[in-house]
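The structure under discussion appears below in the form of C-alpha cells.
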Amino acid sequence: MKNICYILLITVLFSSCSEYQKALKSEDIATKFKMGTELYDAGKYGKANRLFAQIVPQYRGKPQAEKLIYMYSNSFYNMRDYYLAGYHFERFESQYPKSEKAEEALFLAAKSFYKLSPVYSKEQKETKVAIEKLQLFINKYPDSEYLPEANSLIKELDYKLEKKAFEIAKLYNQIANFESEDYEASIKAFDNFLVEYPGTSFREDAMYYRFDSAFKLGINSVEYKRKERLDIAAKYYNAFNKAYPESKYSAEAEKMNKELQAAIQTYNTQS
C-alpha cells in the first residue's frame, strides 16, 4: 500500500513538473497566466515569477494586467528579492493609482526598502532611502491601515541611524585614548550627534563620553591651550550632571570632575 501511494505521489509530481515545463515553453500567454496564477496561489512564487516575467509585456493595457503586475511584484517580495519588489510595487502604484491594491503596493514598496536596510555597523544608505520611502507613503496615505506599522518601521530605522552615529562618535573617544589629539574629533562628533538627535536614547551616554573626551583633552593639553580646554571640560561636566544627576556614570564623572577642579585651581594659582 505504501509503495502504491509513493508511486502515485511521484506520478503527480512528475505530471505537475511536466505541465509547468510545457507552460514555460508554450506560446499561449493565457496558459502561462492561468498556471502562473495557480502556482502563485499555492505559494510557489519562484515558478510563478518565471511565468509572469514571460507575459507581463504582452498584457500591458489589457484588463488582466493589473492583477498580473500585482502578483508579479508580490512574487518578488515573497522571494525576498526586495530590490525588484520595491521597484515593481512602485511602478504598480504609479500605473494603477485608483486600484484597490495601490495603497498596499506603495506600502510594500517602502517595506521592501526597509528589508534592504543593513545592520547598523554597515553603510546606512539603504536605511535613509527606506525612511524616505516610508515617509512618502505616510504623506500620501495618512489614514492608511498600514500607518502604525509604517511609523514603527521608521522608528526602528531612526534608532539604527542613531546607534550608528553614536558608535562612530564613541569610536573617536576610544581611538583618542591612544592618539590624544583625536579627543577634539570625539568632542565634535558628540556635539554633532546631540544636535542631530536631540531626543536620542543615547543622550546620557553621549553627554558622558563627551565630558570624558573633554576632560582627557584638558588634562593632557599643552600649556597655552590648557585653561580654555579645562573650562570647556567643566562646562560639559555641569551639563551632564544637571541632566543626569543620578546617572550610571555619576561616580566616575564625579571622580574626573574633582581632578578637573584641582587642575583648574592649580592653573589659576600659578597664573
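When reading the values below, keep in mind they use all heavy atoms of this one structure, side chains included, and skip hydrogens, waters and symmetry mates.
Between Y236 and F211, the distance separating the two ring centers is not shorter than 6.0 angstrom. Between Y237 and F215, the ring centre distance reaches or exceeds 6.0 Å.
In this structure, K67 is not positioned above the aromatic face of Y70 in the sense of NZ or CZ being under 6.0 Å from the six-membered ring centre and within 45° of the axis. Both the sub-6.0 Å distance and the 45° axial angle are satisfied by K47 relative to the ring of Y20.
Every side-chain contact (heavy atoms from CB on, under 4.5 Å) that E228 has, sequence neighbours left out, goes to I232. Residues passing the side-chain contact (heavy atoms from CB on, under 4.5 Å) test with E132: none are found, sequence neighbours excluded. The salt bridge (charged side-chain N to carboxylate O under 4.0 Å, His left out) check on E38 picks up K34, with sequence neighbours excluded. Residues passing the ring-ring contact (aromatic ring centres under 6.0 Å, His included) test with Y83, sequence neighbours excluded: none. In this structure E126 satisfies the salt bridge (charged side-chain N to carboxylate O under 4.0 Å, His left out) test with no other residue, sequence neighbours excluded. With sequence neighbours left out, N192 forms a side-chain contact (heavy atoms from CB on, under 4.5 Å) with K188. Partners of D81 under the salt bridge (charged side-chain N to carboxylate O under 4.0 Å, His left out) rule, at least two apart in sequence or in another chain, do not exist in this structure. Legend: residues meeting ring-ring contact (aromatic ring centres under 6.0 Å, His included) with F113, ordered by chain and number and at least two apart, are absent. Partners of Y87 under the ring-ring contact (aromatic ring centres under 6.0 Å, His included) rule, at least two apart in sequence or in another chain, do not exist in this structure. With sequence neighbours excluded, the residues satisfying side-chain contact (heavy atoms from CB on, under 4.5 Å) with V119 are S121, K122. Residues passing the ring-ring contact (aromatic ring centres under 6.0 Å, His included) test with F137 are F107, Y141, sequence neighbours excluded.
Rounding to the nearest 0.5 Å gives a distance of 13.0 Å between CZ of R80 and CG of L116. The distance from the OG atom of S73 to the CG atom of N49 is 9.5 Å, given to the nearest 0.5 Å. The structure places CZ of F240 at 10.5 Å from CG of D212, a figure rounded to the nearest 0.5 Å.
Side-chain contact check for N74 and Y40: at least one donor-acceptor pair (N or O, by modelled atom type) lies under 3.5 Å. Between S26 and K32, the side chains place no donor N or O within less than 3.5 Å of an acceptor N or O (distance only, hydrogens not considered). For Y208 and E252, the side-chain atoms include no donor-acceptor pair closer than 3.5 Å. A side-chain N or O of Y249 and one of D205 form a donor-acceptor pair less than 3.5 Å apart.
The residues K227 and D231 are annotated as salt-bridged, a charged nitrogen and a carboxylate oxygen being separated by less than 4.0 angstrom. Salt-bridge check for K163 with E167: passed, with a basic side-chain N closer than 4.0 Å to an acidic carboxylate O. Looking at K133 and E90, a side-chain N of the basic residue comes within less than 4.0 Å of a carboxylate O on the acidic one, giving a salt bridge. Between E66 and K101 there is no salt bridge, since none of the side-chain N atoms of the basic residue sits less than 4.0 Å from a carboxylate O of the acidic one. One finds no salt bridge joining E123 and K128 here, because no Lys/Arg side-chain nitrogen approaches an Asp/Glu carboxylate oxygen to under 4.0 Å.
Counting Ile, Leu, Val, Met, Phe, Trp and Tyr side chains that sit under 4.5 Å apart, directly or through other members, Y120 stands alone, with no cluster partners.
Environment of CZ in R60: crowded, with over 12 heavy atoms of neighbouring residues, nucleotides or ligands closer than 6.0 Å. For R50, the CZ atom counts as loosely surrounded, since its 6.0 Å shell holds 12 or fewer non-hydrogen atoms of other residues, nucleotides or ligands.
Across every non-hydrogen atom of E103 and E145, the tightest pair is OE2-N, 3.6 Å. Shortest non-hydrogen contact noted between S213 and I187 is CB-CG1, 3.7 Å. The heavy-atom pair separating E104 from Y146 by the smallest distance is CG-OH, 3.4 Å. Counting all heavy atoms, side chain and backbone alike, A105 lies closest to F92 at CB-CD2, 3.5 Å. When all heavy atoms are compared, the tightest approach of A53 to P57 is O-CD, 4.0 Å. Between A23 and M35, the closest heavy-atom pair is CB-SD, 3.7 Å.
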Legend entry - Test log, rule salt bridge (Lys or Arg N to Asp or Glu O under 4.0 Å), inputs R203 and E162: CA-CA 10 Å; R203 185 173 180 81; E162 287 180 20; over 6 Å; no

